[in-house]
Undergrad: 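One structure follows; several queries about it will come next.
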Amino acid sequence: MTDFFADIPQIRYEGPESTNEFAFRHYDPEAEVLGKPLQDHLRFAVAWWHSFAWPGGDPFGGQTFQRPWFGDTMDLAKMKADVAFELFAILGQPFFCFHDADIRPEGETFAESRDRLDEITDYIGGKMEESGVSLLWGTANLFTHRRFMAGAATNPDPEVFAYAAATVKSCIDATHRLGGQNYVLWGGREGYETLLNTDMGRERQQAGRFLQMTVEYARKTGFEGTILIEPKPQEPTKHQYDYDVATVYGFLKDFGLEDEVKVNIEQGHAILAGHSFEHELALARSLGIFGSIDMNRNDYQSGWDTDQFPNSVPEVALAYYEVLKAGGFTTGGTNFDAKLRRQSLDPADLVLAHIGGMDVCAAGLKAAAAMLEDGGLEEARAARYAGWDGSDLLESDLETIAARVEAEGIAPEPRSGRQERLENYVNRFV
Ligand code: XUL
Ligand code: CO
C-alpha cells in the first residue's frame, strides 16, 4: 500500500439524498436497469495517462502536479501502478486503459523499451489478478516522442513507419497478455500541417496498409478483442486523417476493413469535428461500427481538446440513448479520457472527479433507459417515417416514379417536425 490516498474512504452508493462527497448518489453498481446491473451497462475505465502520467502542463507553463511516482525508473513505474490500483479499488472501477508510454519509461533503444513494457506488463498482470480489475483497452503512444513529429504510419520516413509498426506489435502483445477487451488506435500525428510538404494520397495509403497489418497481426496472434479507431478532426495536427466517424468509415471501406475495425468515439472529438456526441454515436450505430466511448467533454468556448470530466446529465443521457439503441456495449465501455484541471492538485480531486463522472454517467444512463422504455422518441420517429412503411419506392427508378407522380397526382403536404415537443419530452426524463 502507498499512502497517496491515505485519508480517502472506499466510495459506496448512498442514494440521491446523500450529502457525503465521498459517496455515489446515482451509481449503484448492482442496481438493475433494463434487466442488467448498472456496472455492466457502463463498464467504467480509468485512463492511466491523464490520471497518473499527466504533469498538469499547458502551453504557457509546465508541471503543476508533483506526484511521488514521477520520474523515469522502473521502480517509479511500479509505484505508479500501485497507486493506480488503489484508485481502482477506492472507486470500484472495473476497467482501465493505457498507452505503453504511460506505464513504462522510454528506453535508450527499441529493445529496451520493449523489455520494460514486458516487465511492467507482468507487474500489472499480477495486480489485475489480485484485484479482479480488467483491461478495457491498450494502445501505443505514437505521438509524444519527437521521432513521431511528422506522423507514425503516415511519416515520410519509412524508418518511422517501421518503428511505429514494431511499437504497435509490442502493444498488441501486452494488451493480449493482459486479456484486453479492445485495442485502440488514435492517430495522434496522422495528419499534416501544410500541403506544401505533404503527399496526402501517399500518406493515406501508408495509414491504410498500417491498419491492415495491425489487424492481420492481431488475428494471427490470437487476440480476440475488438480493434478500434478513435476519430479526431484536429489537434495536434491541423488536418487529421481520422476526422470523424464518416471519414473513418470511408477509410475502412477503402481498405476492406469495415468488418474488422470499429470506432471508439470521444465526446470532445465529436465537438471539435462540429458534431454532437450523439450524432457520432448514431452514425456509428447505423454503419455497424460502434465500439466504445471516451466520455470526456470539451469546454464549449475554448475550442481546444480540454478533456474534462463529464458533468451534464442531459448530454450524457442522449449519448447513452444511442449506446442503448446500439444494444449496449459488448467489448466496449466508458473510458474517462479526462484530466483534472491543472490547479486540482490534491489526491482527493482525482477521486472526486471520477465520482462525479461516474454519477453523471449513471444518471444519464438511467434517464436514457427510461426514455427507451417509455418509447416516446421511437414512436415519434416511427410516425414521422410511417409513409415509407410498405413503400416500394427504393426499388423503383426515376422514370417509373415520374410517371406515378403524374398519374396519381402526388402533391406532398409539409408536416411539422415537432422538434420543440420532442425537446420538452426529453426534459421530462433528465
Ligand atoms: C487524444 C485522445 C487519446 C486517445 C488514446 O485526444 O483522446 O488519449 O484516447 O490515444
Ligand atoms: Co480519447
Side-chain angles (χ1 to χ4, degrees), residues 43-55 57-59 95-104 117 135-145 148 151-154 164 167-168 170-172 174-175 180-191 207 210-211 214 225-245 247-248 261-273 275 277 280-281 284 290-299 302-310 319 329 332-340 357 361:
R43 293 168 57 86
F44 286 129
V46 174
W48 206 286
W49 50 105
H50 286 323
S51 289
F52 309 112
W54 186 61
D58 72 9
F95 292 102
F96 67 97
C97 303
F98 69 84
H99 302 83
D100 51 352
D102 312 324
I103 57 172
R104 59 102 185 98
L117 185 62
L135 174 60
L136 188 64
W137 46 266
T139 186
N141 180 326
L142 303 177
F143 43 88
T144 299
H145 195 280
F148 298 121
T154 60
T167 304
V168 165
S170 70
C171 290
I172 289 176
T175 302
Q181 303 205 5
N182 307 270
Y183 183 82
V184 165
L185 294 114
W186 170 58
R189 297 199 187 268
E190 311 296 23
F210 191 92
L211 187 57
T214 300
T226 309
I227 297 178
L228 300 166
I229 287 201
E230 185 171 321
K232 185 173 182 183
Q234 69 253 338
E235 218 206 87
T237 69
K238 180 163 160 57
H239 302 273
Q240 299 263 148
Y241 295 135
D242 299 337
Y243 193 95
D244 60 1
V245 170
T247 311
V248 167
V261 178
K262 294 187 160 47
V263 281
N264 180 45
I265 304 174
E266 178 166 317
Q267 196 269 9
H269 298 180
I271 302 302
L272 282 180
H275 302 306
F277 195 21
E280 290 289 80
L281 292 164
F290 169 67
S292 198
I293 61 176
D294 276 6
M295 185 54 105
N296 41 287
R297 67 193 166 97
N298 283 1
D299 182 288
S302 73
W304 299 340
D305 189 13
T306 55
D307 287 329
Q308 291 172 246
F309 281 85
F329 295 123
T334 303
N335 174 38
F336 292 116
D337 187 358
K339 57 183 180 246
L340 296 172
C361 289

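In this chain, residues are counted from 1 in sequence order. Ligands are counted one by one from 1 in listed order, and the atoms in each one are counted from 1 as well.
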Undergrad: Backbone or side chain, does any N or O of W49 fall under 3.5 Å from an N or O of ligand 1?
TA: yes
Undergrad: Is the Co ion (ligand 2) less than 2.8 Å from an N/O/S atom of E230, whether that atom is in the backbone or a side chain?
TA: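 So E230 does bind the Co ion (ligand 2) by this criterion.
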Undergrad: Mind checking whether W137 contacts ligand 1 via backbone (N, CA, C, O), side chain (CB onward), both or neither, at a 4.0 Å heavy-atom cut-off?
TA: side chain
Undergrad: Name the one of D242, D305, D294 that satisfies side-chain hydrogen bond (donor to acceptor under 3.5 Å, both in side chains) with K232?
TA: D305
Undergrad: Based purely on interatomic distance, does D305 place a nitrogen or oxygen under 3.5 Å from a nitrogen or oxygen of ligand 1?
TA: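 Yes, at least one N or O pair falls under 3.5 Å.
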Undergrad: Would you say N264 has any N or O atom under 3.5 Å from an N or O of ligand 1, going by distance alone?
TA: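 N/O-N/O distance under 3.5 Å: no.
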Undergrad: Taking only heavy atoms of D337 into account, list the atoms of ligand 1 that are under 4.0 Å away from them.
TA: 2 (C), 3 (C), 4 (C), 7 (O), 8 (O), 9 (O)
Undergrad: If you measure from each heavy atom of E235 to ligand 1, is any distance below 4.0 Å?
TA: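 No, E235 has no heavy atoms under 4.0 Å from ligand 1.
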Undergrad: Got a donor-acceptor contact below 3.5 angstrom from the H50 side chain to the A338 backbone?
TA: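 No; judged by distance alone, with no hydrogens or angles, the pair does not exist.
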Undergrad: Looking at ligand 1, does any of its N/O atoms fall within less than 3.5 Å of an N/O of K232?
TA: yes
Undergrad: Which atoms from ligand 1 have a heavy atom of H269 less than 4.0 Å away?
TA: 1 (C), 2 (C), 6 (O), 7 (O)
Undergrad: At a 4.0 Å cut-off, with the gap strictly under it, does some heavy atom of D294 reach an atom of ligand 1?
TA: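 Contact present.
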